[in-house]
Amino acid sequence: MNLADLFNAAISSAYSFDVLKSDGTPSGHHITLKAHTDKDVILASARYNRVLMVMLERFDADNAELKAECEAAKNFTEYNLKLDFELQELRQAFAAELVSGWDFDNAFSKEELAKVLAAFTGEHALAKQILDAYNAMVESAAKK
């Protein structure tokens, strides 16, 4: 085995996670993510972070009064809920860039994934599960 083969074997290992149902129980199905070292993932991550920074700055500017009220009350629940709603579409778009497949009955496609991401929201939103799994994958790789 040469060095390039060893590197390719290390980064190409699939990372999958068990998808939770909307009630938080395991579904018995898995979603497979692209490797965090994949060129498309790196570019999507860079785009996501740039757009996120702009959106956060704009959100803070547009909601300065709400932020001041929340700081005075020492309760940021309303602010955080509003921010979460504003970022939902961005998170879904980034999550869609990370998935390479799944084991559900319906065939995997980018179009099908987009439909599922838009429909599966709430406490155990699919986009959140994907991003949490991606972050765990990156953290795990960083420890190695």
Side-chain angles (χ1 to χ4, degrees), residues 1-64 66-67 70-71 73-144:
M1 174 182 282
N2 66 36
L3 184 57
D5 293 337
L6 179 63
F7 177 75
N8 289 331
I11 66 168
S12 66
S13 59
Y15 184 90
S16 66
F17 68 95
D18 188 24
V19 178
L20 301 178
K21 296 179 187 177
S22 59
D23 64 1
T25 60
S27 69
H29 292 284
H30 294 83
I31 286 182
T32 304
L33 302 180
K34 297 174 186 174
H36 71 286
T37 55
D38 184 292
K39 181 180 82 169
D40 293 336
V41 172
I42 292 169
L43 291 173
S45 178
R47 283 191 307 269
Y48 170 77
N49 286 320
R50 277 194 314 266
V51 172
L52 179 62
M53 291 300 111
V54 170
M55 287 182 76
L56 289 174
E57 287 174 11
R58 187 174 300 144
F59 184 82
D60 273 347
D62 293 346
N63 294 280
L66 174 61
K67 187 174 183 179
C70 291
E71 285 175 344
K74 295 185 180 5
N75 183 346
F76 284 85
T77 303
E78 185 178 350
Y79 182 88
N80 290 334
L81 288 172
K82 189 173 183 180
L83 177 60
D84 186 60
F85 181 77
E86 291 288 325
L87 297 178
Q88 182 175 327
E89 190 176 320
L90 176 63
R91 284 192 303 268
Q92 289 174 353
F94 181 49
E97 294 294 324
L98 302 175
V99 177
S100 64
W102 60 37
D103 68 352
F104 293 106
D105 293 337
N106 48 334
F108 174 78
S109 69
K110 287 289 187 182
E111 295 77 22
E112 190 68 20
L113 177 59
K115 283 192 263 182
V116 174
L117 285 169
F120 193 176
T121 60
E123 182 181 356
H124 299 286
L126 187 57
K128 181 180 181 332
Q129 292 184 54
I130 291 168
L131 294 176
D132 288 348
Y134 170 75
N135 289 332
M137 174 179 59
V138 170
E139 184 177 309
S140 174
K143 288 180 182 178
K144 291 181 182 178

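Computed from heavy atoms alone, side chains included, the values below leave out hydrogens, waters and symmetry copies. Nothing here was measured: the structure is a model prediction, and the numbers come from that model.
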Return the [atom1] to [atom2] distance between [X] and [Y], rounded to the nearest 0.5 Å.
X: Ile31; Y: Ser16; atom1: CD1; atom2: OG; value: 10.0 Å
X: Asp38; Y: Glu97; atom1: CG; atom2: CD; value: 10.0 Å
X: Ser27; Y: Asp18; atom1: OG; atom2: CG; value: 5.0 Å
X: Thr121; Y: Leu117; atom1: OG1; atom2: CG; value: 10.5 Å
X: His30; Y: Tyr15; atom1: NE2; atom2: OH; value: 11.0 Å

For [X], give me all partners under side chain to side chain donor-acceptor pair (under 3.5 Å), at least two apart in sequence or on another chain.
X: Asn80; value: none
X: Lys82; value: Asn63
X: Asn135; value: none
X: Lys128; value: Asp132

| Excluding sequence neighbours, so at least two apart, what forms salt bridge (charged side-chain N to carboxylate O under 4.0 Å, His left out) with Lys143? |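 By the salt bridge (charged side-chain N to carboxylate O under 4.0 Å, His left out) rule, Lys143 matches Glu139.
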| Sequence neighbours excluded, which residues qualify as salt bridge (charged side-chain N to carboxylate O under 4.0 Å, His left out) partners of Lys115? |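 Salt bridge (charged side-chain N to carboxylate O under 4.0 Å, His left out) list for Lys115, sorted by chain: Glu112.
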| request: Check Leu20 against Gln129 and note the closest heavy-atom contact, atom names and distance. | output: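 For Leu20 versus Gln129, the nearest heavy atoms are N-OE1, 2.7 Å.
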| field | Partner set under side chain to side chain contact (heavy atoms under 4.5 Å, CB included) for Asp105, not counting sequence neighbours | value |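 Applying side chain to side chain contact (heavy atoms under 4.5 Å, CB included) to Asp105 gives none.
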Among residues at least two apart in sequence or on other chains, which ones pass ring-ring contact (aromatic ring centres under 6.0 Å, His included) with [X]?
X: His124; result: none
X: Phe94; result: Tyr48, Tyr134
X: Phe108; result: Trp102

| field | Lys110 atom NZ, over 12 foreign heavy atoms within 6.0 Å | value |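 Enclosed: over 12 neighbouring heavy atoms sit under 6.0 Å from NZ of Lys110.
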| Does the side-chain contact (heavy atoms from CB on, under 4.5 Å) test come out yes or no for Leu98 and Lys34, once each step is laid out? | CA-CA 6 Å; Leu98 302 175; Lys34 297 174 186 174; 5.9 Å; no
| Val116 vs Phe104, side-chain contact (heavy atoms from CB on, under 4.5 Å): CA-CA, chis, key distance, verdict | CA-CA 11 Å; Val116 174; Phe104 293 106; over 6 Å; no
| task | Sequence neighbours left out, what pairs pass salt bridge (Lys or Arg N to Asp or Glu O under 4.0 Å) with at least one residue falling in residues 85-95? | result |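 For residues 85-95: Asp84-Arg91.
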| query | Do the side chains of Thr32 and Asp103 get nearer than 4.5 Å, heavy atoms only? | reply |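 A side-chain contact under 4.5 Å is absent here.
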Side-chain donor-acceptor pairs under 3.5 Å in residues 49-60, sequence neighbours left out?
residue : atom : partner : partner atom : Å
Asn49   : ND2  : Ser45   : O            : 3.1
Asp60   : OD1  : Tyr79   : OH           : 2.1

| Should Glu71 and Phe76 be marked as a side-chain contact (heavy atoms from CB on, under 4.5 Å) after you check the CA-CA gap, both sets of side-chain angles, and the distance that decides it? | CA-CA 7 Å; Glu71 285 175 344; Phe76 284 85; 3.2 Å; yes
